[in-house]
Amino acid sequence: MPLSALTLSSLPSNVKVPNYDRTAHAPGVVHLGLGAFHRAHQAMVFDQLLASGDTRWGIHGVGMTRPDLVNPLRAQDGLYAVRIADAKGVKWQVPGALWRMNVATTERDAVVQAIAAPSTRWVTLTVTEKGYTPALGLLLLDGLRLRQQAGLPGITIASCDNLQGNGHKLQALVKAEIPAKHTTPQDAEFLRWLDVHCAFPCSMVDRIVPAATAEVLTAAQQALGLQDACALSTEGFWEWVIENRFADPADAAVLQSAGVRVTGDVHSYEEAKLRMLNGSHTTMALMGAVTARPFIANCIGVEHIRTFVHQLMGREVSPHLSRSDWADYRDALIARFANPHLKHSVHQIATDSSQKIPQRWPPSVLGQIAQGASFEHHALAAAVFVRYTLGVDENGQVYALNDPQAASLMALGAAQRTEPETCVRALLAREDLWGSALPQHAAWIARVTHWHQQVMQHGVDKAIQQLLSTAA
């Protein structure tokens, strides 16, 4: 039997299930980007609020492009199991906050109407860095314009993606869909309404949520006694830091009651997460892809990689952070990366590296340069990225680059065995990856070239060990 509203009551007593009516109220949240992360993060926060008796946090979930994600959730009435596993043990929970579902590409009007629905108070987004397109801005604009025309209250629109200043970027994206030179009186009135009545808070979200695997689906079936095609696995740790900027100011206390950190300083948490967690994740993912280590836990479990990541965060990232408890955060990250229950695929994390690297590595490198300090760890990471563009690991196994820039990256990297320095220079010259300053910095180019030579001649592991022996 599949998991569904009808079979929910048959679950074992040790599986936490929704204790509230999922049909009596209209959703209060529209979420764009119905992937694993949202379902194991914000959806579980909203589930907690619903369980407390606050009926305003049901979710109308929107898959941006993929019916193959939405359809199985529809078949299970929006229900799915989450395995929460860490050093304290393993527990299972079925959150019940997901009430309705659509696919934006094929059911756009339904999504616009959901944003404009009288019950909607929030829109949240996890569409990934590459999802911030004019089409997204127009989708939000169309829904918000309908709200304004109907005389409805403004809402909170919260980006939960790994973009610095994500709230500001999202607000600018929506406004960019109104041509500045041809603004009508109606447009001007809408923009006033948007500024006065809607809120675009910046936020930082943190929880490791691997893509579901066959192992998780099998474990879910054993734990539930039911089939669950949408089961997920995650860690016990989660963090949501959000700017105290809401259409309804009372939401601050509500979110805090569920463990969300509401603050005027999202930036310090945001930069620490992007550069420490995400920056290290990308580094290990590329190393794992090239050395044929399948999961992050396989990488951090190797002593020299663990030492490298510890030094990367402690020596080259932390000097440029404003988060005061960075050392505790670093040590917690090392432990989280090693969680054996999280089969976090290196190729999943390496996806879209060209979109991720610009925010994760260059700020730390530039900070080190400004202080006259070493950037060797980042130079080696960049060299491994160049090696990654070959599309074949050190065992000779071919892998695909899942990246919007895959074709151009592989074209530039193809000749690195025969013309390594030319390839390194070509990839380091790309301002879309490194910004405007690093492509002109001779010492940076020289050190990446050096480490690329070591990687190509001796392999990634030997190169890391060489760096550690000289950086002690």
Side-chain angles (χ1 to χ4, degrees), residues 128-133 162 274 278-293 312 345-366 368-369 375-464 467:
T128 76
E129 294 90 336
K130 66 182 177 184
Y132 286 74
T133 63
N162 290 323
L274 273 169
N278 299 130
S280 298
H281 243 176
T282 294
T283 301
M284 284 187 288
L286 297 168
M287 289 175 171
V290 172
T291 61
R293 293 182 172 102
L312 175 81
S345 162
V346 296
H347 287 286
Q348 180 197 348
I349 298 163
T351 296
D352 301 336
S353 287
S354 70
Q355 313 291 296
K356 298 171 178 176
I357 284 172
Q359 302 164 74
R360 300 181 181 189
W361 294 351
S364 299
V365 179
L366 292 168
Q368 292 293 92
I369 289 171
F375 47 76
E376 292 294 293
H377 294 72
H378 279 92
L380 176 51
V384 176
F385 171 66
V386 177
R387 168 63 181 81
Y388 170 74
T389 64
L390 267 177
V392 58
D393 67 29
E394 291 178 351
N395 294 340
Q397 293 296 309
V398 174
Y399 54 78
L401 268 66
N402 187 354
D403 193 293
Q405 299 294 327
S408 65
L409 291 173
M410 293 187 76
L412 288 173
Q416 60 187 286
R417 286 196 173 102
T418 54
E419 299 177 67
E421 288 194 33
T422 303
C423 283
V424 172
R425 286 183 174 277
L427 279 162
L428 293 186
R430 290 186 55 151
E431 293 191 4
D432 60 326
L433 283 168
W434 310 106
S436 57
L438 287 181
Q440 314 301 323
H441 197 275
W444 163 252
I445 295 168
R447 296 316 295 162
V448 178
T449 302
H450 165 77
W451 288 117
H452 181 260
Q453 184 180 35
Q454 300 308 306
V455 166
M456 295 301 290
Q457 290 181 359
H458 306 294
V460 169
D461 289 326
K462 286 286 196 298
I464 296 170
L467 184 149

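A quick note: this is a predicted structure, and the numbers were derived from the prediction, not measured.
The one candidate from V424, L427, L380 that meets the side chain to side chain contact (heavy atoms under 4.5 Å, CB included) condition with H452 is V424.
Taking both residues in full, the closest heavy atoms of Q416 and L390 are given as NE2-CG, 3.3 Å, listed atom of the first, atom of the second, then distance. Nearest approach of L428 to I445, heavy atoms of both residues: CD1-CA, 3.8 Å. When every heavy atom of R447 is checked against every heavy atom of A379, the shortest pair comes out as CB-CB, 3.9 Å. Closest heavy-atom contact between R387 and V290: CG-CG1, 3.7 Å. Between A350 and S353 the shortest heavy-atom distance is O-OG, 2.7 Å. Between G413 and T389, the closest heavy-atom pair is CA-OG1, 3.5 Å.
Classification of the H347-Y399 ring pair by plane angle, with boundaries at 30° and 60°, yields tilted.
With a 4.5 Å cut-off on side-chain heavy atoms, Q454 and K462 do not count as touching. Residues W451 and E376 are in side-chain contact: their nearest non-hydrogen atoms beyond the backbone lie under 4.5 Å apart. P358 has its side chain out of reach of D432: every pair of non-hydrogen atoms, C-beta onward, lies at least 4.5 Å apart. Looking at heavy atoms from C-beta onward, L366 lies in side-chain contact with L438 at the 4.5 angstrom threshold. Between W361 and T283, the closest side-chain pair of non-hydrogen atoms falls below 4.5 Å. Side-chain contact between L433 and L409 is present, with at least one heavy-atom pair separated by less than 4.5 Å. Looking only at side-chain heavy atoms (C-beta outward), V346 and L286 stay at 4.5 Å or farther from each other. At a threshold of 4.5 Å between non-hydrogen side-chain atoms, the residues H378 and W444 count as touching.
The distance from atom OG of S364 to atom CD1 of I369, rounded to the nearest 0.5 Å, is 11.0 Å. Taking OG1 of T422 as the reference point, atom CG of L412 lies at 11.0 Å (rounded to 0.5 Å). Atom OG1 in T282 sits 11.5 Å away from atom CE in M287 (nearest 0.5 Å). Summarising the geometry, atom OG1 belonging to T449 is positioned 6.0 Å from atom CD belonging to E421; distances are rounded to the nearest 0.5 Å.
A donor-acceptor contact under 3.5 angstrom links the side chains of S408 and Q405, judged on distance only. No hydrogens or angles considered: a donor-acceptor pair under 3.5 Å links the side chains of D403 and S354.
With sequence neighbours excluded, the residues that form a side chain to side chain contact (heavy atoms under 4.5 Å, CB included) with A443 are F375, H441.
Within 6.0 Å of CZ on R425 lie no more than 12 heavy atoms contributed by other residues, nucleotides or ligands. Heavy atoms from other residues, nucleotides or ligands lying under 6.0 Å from CD of E431 number more than 12.
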Verdict with reasoning, W434 to V365, per side-chain contact (heavy atoms from CB on, under 4.5 Å):
CA-CA 10 Å; W434 310 106; V365 179; over 6 Å; no
Determine whether V460 and E394 satisfy the following criterion, side-chain contact (heavy atoms from CB on, under 4.5 Å), listing intermediate values before the conclusion.
CA-CA 9 Å; V460 169; E394 291 178 351; 3.4 Å; yes
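Although no hydrogens or angles enter the test, the distance criterion places no donor-acceptor pair under 3.5 Å between the side chain of K356 and the main chain of G279. Distance alone, capped at 3.5 Å, is enough to place a donor-acceptor pair between the D393 side chain and the G396 backbone.
The pair R360-E129 meets the salt-bridge criterion, since a charged nitrogen lies less than 4.0 angstrom from a carboxylate oxygen.
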